[in-house]
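The first residue in the sequence is number 1, and the count goes up from there.
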Amino acid sequence: MRPVEYDEFQAMRRFPALDGLRAVAAVMVFAFHFGGPSWAWLTGWIGVHLFFVLSGFLITTLLLREEHRFGRVSLRAFYLRRFFRIMPVYLLVLLLTWALAQLNGTADAVERSLAYYLLLLNDFLPANAPYLHSWTIGIEQKFYLIWPAVAFVLVTAAFRRRLAVTLGLLVLLVALIPPDVGWLGWPIHYVAILLGCLVAVVKDL
């Protein structure tokens, strides 16, 4: 494999080297859910949070490159990219979930939770809710609704301020984690994404 030149690396919008880590994360989640008791030690949370870290790193790296290239980040373009990358398939699968539920007579369960799905509040649904595996999309979409505005509009092209904001958000979210070690709660998911963002910000120094 030939080495990648710096300019070529800067032009990349997809990082093949991260695919291996994504594969490891996916295997961890599948092994935890379907591998039986012998794989219970693995815990799928590690795989999910690895995905979150990679997502935070990739999205923030692309935003930093856009800022370097054009002097600013276009929130409109970012939100459109995120919407059309995720939401068409997300809504299609939601529709198929509802259609299948109609066939087996459980459509009312999907319909009762429909507002949560459409507002991307999936992570606040009970554990027995249908289409619950989409909760990670809800986490990421809510995060990326706020992160670019905070880190690239309120704080523009200033490493120290952006680093301070990222660290401040991390401290705040860690402080919000409940003391019950049996369930860390929703803030831990955003902590994982922010760790990826932090790596990207530091790497950009």
Tell me, please, which residues at least two apart from [X] pass side chain to side chain donor-acceptor pair (under 3.5 Å).
{"X": "Trp135", "answer": "none"}
{"X": "Tyr144", "answer": "Ser55"}
{"X": "Thr166", "answer": "none"}
{"X": "Thr106", "answer": "Asn104"}

Identify the heavy atoms of [X] and [Y] that sit nearest to each other, and give their distance.
{"X": "Ala200", "Y": "Leu64", "result": "O-CD1, 3.5 Å"}
{"X": "Val155", "Y": "Arg161", "result": "CG1-CB, 3.6 Å"}
{"X": "Lys142", "Y": "Leu120", "result": "NZ-O, 2.7 Å"}
{"X": "Ser134", "Y": "Asn122", "result": "OG-ND2, 2.7 Å"}
{"X": "Ala127", "Y": "Leu132", "result": "O-CD2, 3.3 Å"}
{"X": "Val110", "Y": "Ala101", "result": "CG2-CB, 3.9 Å"}

Heavy-atom side-chain proximity of [X] to [Y] below 4.5 angstrom:
{"X": "Asp123", "Y": "His189", "result": "no"}
{"X": "Ile139", "Y": "Ile193", "result": "yes"}
{"X": "Leu198", "Y": "Val202", "result": "yes"}
{"X": "Val199", "Y": "Thr61", "result": "no"}
{"X": "Tyr190", "Y": "Leu169", "result": "no"}

If I take atom [atom1] from residue [X] and atom [atom2] from residue [Y], how far apart are they, to the nearest 0.5 angstrom?
{"X": "Thr136", "Y": "His49", "atom1": "OG1", "atom2": "NE2", "value": "10.5 Å"}
{"X": "Leu145", "Y": "Tyr79", "atom1": "CG", "atom2": "OH", "value": "5.0 Å"}
{"X": "Asp108", "Y": "Gln102", "atom1": "CG", "atom2": "CD", "value": "9.0 Å"}
{"X": "Ile59", "Y": "Trp147", "atom1": "CD1", "atom2": "CH2", "value": "12.0 Å"}
{"X": "Thr60", "Y": "Leu194", "atom1": "OG1", "atom2": "CG", "value": "8.0 Å"}
{"X": "Arg81", "Y": "Leu62", "atom1": "CZ", "atom2": "CG", "value": "7.5 Å"}

When you group the ILVMFWY residues by side-chain heavy-atom contacts below 4.5 Å and let the links chain together, are [Y] and [X] in the same group?
{"X": "Leu100", "Y": "Leu94", "answer": "no"}
{"X": "Leu96", "Y": "Trp98", "answer": "no"}
{"X": "Val150", "Y": "Leu195", "answer": "yes"}
{"X": "Phe52", "Y": "Leu176", "answer": "yes"}
{"X": "Phe83", "Y": "Leu119", "answer": "yes"}

My understanding is that only residues two or more places apart in sequence, or in another chain, count here; which of them pass ring-ring contact (aromatic ring centres under 6.0 Å, His included) with Phe152? none
Classify the angle between the aromatic ring planes of Tyr131 and His133 as parallel (below 30°), tilted (30 to 60°) or perpendicular (above 60°). perpendicular
Give the C-alpha distance, both sets of side-chain angles, the deciding distance and a yes or no for side chain to side chain contact (heavy atoms under 4.5 Å, CB included) between Gln141 and Tyr90. CA-CA 11 Å; Gln141 293 296 82; Tyr90 171 84; over 6 Å; no
How would you list, by chain and number, every residue that makes a salt bridge (Lys or Arg N to Asp or Glu O under 4.0 Å) with Arg82, sequence neighbours excluded? Glu140
